[in-house]
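Quick caveat, the model's predicted, so the values are computed rather than measured. For ligands, and for the atoms within them, numbers begin at 1 and follow the listed sequence.
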Amino acid sequence: MTRMTRREFAVVAAGATLALPVRAQAEPLLARAIPSSGEALPAVGLGTANVFNVDNEQTRQKATAVLQALVAGGGRLIDTASVYADAEKVLGEVIAPAGLDGKVFIATKLESPDAAELKRSLARLKTGKFDLLQLHNVRNRGQSLGQFKEWKAQGICRYIGITSTYHQDFAAVEAVLAREKPDFVQIDYSVDDREAEKRILPLAAEVKAAVLTALPFGRGRLFRAVHGKEVPDWARGFAGSWAQFFLKYLLGDRRVTAVIPGTSDAAHMTDNLGAMRGQLPDAEQRRKMVEFVEAL
Ligand SMILES: NC(=O)c1ccc[n+]([C@@H]2O[C@H](COP(=O)([O-])OP(=O)(O)OC[C@H]3O[C@@H](n4cnc5c(N)ncnc54)[C@H](OP(=O)(O)O)[C@@H]3O)[C@@H](O)[C@H]2O)c1
């Protein structure tokens, strides 16, 4: 089992944001430092693609329960995008009524550095500023983050980032990451999709970009692969569920800052947040996890 390093901190359970040395807490939750600032970010967040698509009462109730579970379980990070159907709008409608203003870290994405799109996202999320503003699906080596940097300088966002989950675009992601040195990069990474280990993660570490892992369950593919199977005995010491098994594989890589599993289910949110507790798999255990998943 690996121990947390000095770059990792414990955060107090129940959503408090106080960062303390890891051994000072009885039940520490894993948080990692955003390299560009040193700010500690709880290592399990929430993805919102395809989960809050339709703005109606039922979705708002579900979103409220998921967000309350996120914060109650010590999480903060919510990842959304201007193109996730009604997700930004639903979040904007539920955050304040749920009493979560100032308790969440909002990351959204724009399709381009377009002021009208930015204004729409700010209005839908009912906020004057974002924590993280990402350029969605980078596909061109020449894409500039100049406008995003200007918005950051104006205080419209605290951090900027880029994203992609298309491996054919990873060369463009690498070029933009190396040249623009954003605070964050978000890529697809899961125990059965490890292309990012070879390409994006080493460069992210070099340019000191925080890493968010999209699609940590392969859009649910990993749960379908283990359907009817128990977590193996050798993994039970660090994974209390399949979700924790899959997420801890990712968090076992120190270059990963946070995972952002998508869920519309509060109980699943709590399960996922459990990956911030206890031991992480070491290199040998991570190799075994890959072998196990490849044999499914
Ligand atoms: N280019 C980009 O920037 C990009 C692209 C894709 C995704 N993303 C981001 O990455 C996030 C994650 O990706 P994703 O949501 O598409 O896929 P995912 O996180 O890999 O998988 C989500 C699926 O897992 C299920 N699930 C979640 N927690 C579970 C648990 N504890 N037990 C059992 N099932 C569970 C969800 O169902 P339930 O709702 O029933 O829990 C859902 O079907 C997105 O939401 C988005 O924020 C970014």
Counting heavy atoms only, name the option from L222, I260, D193 that's nearest to atom 12 (C) of ligand 1.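 Checking each option, the heavy atom nearest atom 12 (C) of ligand 1 is found in I260.
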Taking the cut-offs as 6.0 angstrom to the six-membered ring centre and 45 degrees off its axis, would you call R286 and Y249 a cation-pi pair? yes
Identify the closest protein heavy atom to atom 36 (C) of ligand 1: which residue and atom is it, and at what distance? G262 O, 3.5 Å
Which residue supplies the protein heavy atom nearest to atom 7 (C) of ligand 1, what is that atom called, and how far is it? L215 CD2, 3.7 Å
Under 3.5 Å between any N/O of [X] and any N/O of ligand 1: does that happen in this structure?
X	answer
D265	no
F223	no
A243	no
A49	yes

Could you tell me whether [X] and [Y] make a salt bridge, using a distance below 4.0 angstrom between a side-chain N and a carboxylate O?
X	Y	answer
R236	D233	yes
R158	E39	yes
R60	E57	yes
E291	R287	no
K208	D183	no

With a cutoff of 4.0 Å, is Y166 in contact with ligand 1, counting heavy atoms of the residue only?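 It does not, in that no heavy atom of Y166 comes within the 4.0 Å cut-off of ligand 1.
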Any idea which atoms of ligand 1 are less than 4.0 Å away from a heavy-atom of H136?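 Reading through ligand 1 atom by atom, the close ones are 1 (N), 2 (C), 3 (O).
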Atoms of ligand 1 less than 4.0 Å from P261 heavy atoms?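 Those of ligand 1 that fall under 4.0 Å from P261 are 19 (O).
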W151 ring center within less than 6.0 Å of Y159 ring center: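 For Y159 and W151, the ring centres are not under 6.0 Å apart.
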Quick one: closest heavy-atom pair of A87 and T48, and the distance?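 Result for this residue pair: CB-O, 3.8 Å.
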Kindly indicate whether atom 43 (O) of ligand 1 is approached by any protein heavy atom to under 4.0 angstrom. no
